[in-house]
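Okay, so here's the structure we're looking at.
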Amino acid sequence: MSDTSDSPIIQFDKVNKWYGQFHALRDIDLSVARGERIVVCGPSGSGKSTLIRCVNWLEEHQEGRLIVDGVELSDDPKAIETVRRTVGMVFQQFNLFPHLSVLENLTLAPTWVGRLPLNEARERAMAQLERVRIADQANKYPLQLSGGQQQRVAIARALCLTPKIMLLDEPTSALDPEMIKEVLDVMIELAGQGITMLCVTHEMGFARSIADRIVFMDQGQIVEQNAPGEFFANPANERTREFLSKILNH
Amino acid sequence: MSATFIVIPARAAPVRMLGARAWIRTHLFPDWKNGVATVLIAALVAWYLPQLLDWALFNAVFSNDNAACRAVAHDAARPGACWGVITEKYRVILFGRFPHADHWRPLLASLLLVLMLVASCRPRCWRRWLAPAWIAAFAAFFLLMRGGVAGLTYVETARWGGLPLTLLLATLGIAAAFPIAVLAALGRLSPLPAVRAACIGYIELVRGVPLISVLFMASFMFPLFLPPGMTPDVLLRVLAGITLFAAAYLAEVVRGGLQAIPVGQIEAAKSLGLGYWQTQRRIALPQALRHVVPAIMNSFISTFKDTSLVTVVSLYELTGALGLALRGDTDWRPFYFEAYLFIAVIYWTGCYAMSSYSHWVERRLAVSNQTAGNAQ
């Protein structure tokens, strides 16, 4: 349970996962440093979402070890609970709770999981909404907001539990083009705060500007990983080059 | 060529789309088939309505005059209804075998339940005190009906009957069935195999048998398995039977609602650290129940009407009490039809009220989902 800055905050050690017969993650070795910002990319079905969903046990791995902030993930509910409190997550489809107002979406977990008094949870929620520049919509319901606004609320909701790690699973893929920028702006600001980020995205401009490292996956394996400059300039692997040529030349 | 964008001002709708004539044309005579249907239905109404009114009102006997009733019933030229049977028998129909002098007790008890039902429908009454209020209401109901205290004579449950019994079985049955249904629905979707199997077993077993056989078992079979003197009251056993029966159907309705919830909702709740019960209570159930309000009300209405079956195990609720009132009375026995109409109106009023309430709840939920935030 060391908390020193040089020990990795996430450590995948020969992690394997299957869906039935399908081998979804193959011998994943990945270590993420505290405060590191990692972008995971790769063709669809390559296992990138599965990879980050393992970090908060939305998917369970069958082989290997996965240690998050000093806690080894297993089906022990205590471990899962501890890890989920350290890890915030943003989904492609926002997954806001439609029957709760924006403010209630944000105060739900702090009051019921974090046992925070309601007024304190509200203050914290309003601060986060301020941060994603959407405080004026606090009393609306999610479905009254645009996609970009909903995703910003979702980011604020994940931040309300003051996580050490943020998982972002294709946060801009379900958005109309004119709304992508407002969400990316929030993510860039978030990246500047020193929080550990694991982001699956196809936004290569975003990856280039904020990522410390880009992880490229194909067929359940990590094909190569490198700093963005090197990754884009000299992709080492044939599969990476093919992928980049498809995603960058359109 | 410079194009200037000019907004076309809104204009009034054409006159031919408005007014009574337009309504008649669009609703009654939109094309020749509908026109023919309209004319035919109008002719049928014109032919039968006067006859119906003659029978129900103008030739009818309203006093409890048995001779007059028999006269209009046998007058082939001018047949009339005998509402006198209700005038004569309404107290037995409404209160069954309850001692005649104490009929104010079941009356008061029924009013109490109706009052509580009406109050519970109003959002301003959805407070923490509602549950204790219901417990108090049921306690008061039992006290009034059972007596044995405060100078009230003791009346055994076997003599309870009519409307209060129907109301008690329906409200207590529904109130008890609902939480059981929610638990059974959650259990059926549980990842734990033993829990899932138990819930599937219960639901499929109970749904697989008719209510009548459940009631027979509760009434006649169940006591055989208990030592003599340990048998719970027949009313309690029947109530348990109705509750378990209604809960099995309701559980499937609730399960339908739970399964309609996108998996992303549950994942979001998990990722925020909410536990299983918190996720169900705060995220899954509120959304699931909203989706199935009409089906839930359908179940409630069924349960309300199913209470009429307890008459087969000698509990004389509304329908049973009607049989009780007329079966042994040769003078009034011929006028079953009018008496059945009377209780049909009571059942219909209850069912229609539930149905209307369900529509109101649906509209309210739809509105609150769209505009609750705009009020701020």
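A note on names: the letters A, B, ... follow the listed sequences, proteins ahead of strands, and every chain is numbered from 1. Everything numeric here is computed off the predicted structure, so don't read it as measured data.
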Report, by ascending residue number, the residues of residues 252-281 of chain B in heavy-atom contact with chain A at a distance under 4.5 Å; give 'none' if the set is empty. B/G264, B/Q265, B/E267, B/A268, B/A269, B/K270, B/S271, B/L272, B/G273, B/L274, B/Q278

May I ask you to list the residues in residues 102-109 of chain A that approach chain B closer than 4.5 angstrom, counting heavy atoms only, ordered by number? A/L108, A/A109

ring-ring contact (aromatic ring centres under 6.0 Å, His included) pairs, two or more places apart, involving residues 49-96 of chain A: A/W57-A/H61

Tell me, for A/R53 versus chain B, whether the close heavy atoms (under 4.5 Å) come from the side chain, the backbone, both or neither. side chain

Hits for ring pair (Phe, Tyr, Trp, His ring centres under 6.0 Å) against B/F178, two or more places apart or cross-chain, chain-then-number order -> none

Are any side-chain N or O atoms of A/H99 and backbone N or O atoms of B/R282, one a donor and one an acceptor, separated by less than 3.5 Å? yes

Is the CZ atom of B/R196 crowded by more than 12 outside heavy atoms at less than 6.0 Å? yes

Report the distance from atom CZ of A/F97 to atom CD of B/Q287, rounding to the nearest 0.5 Å. 8.0 Å

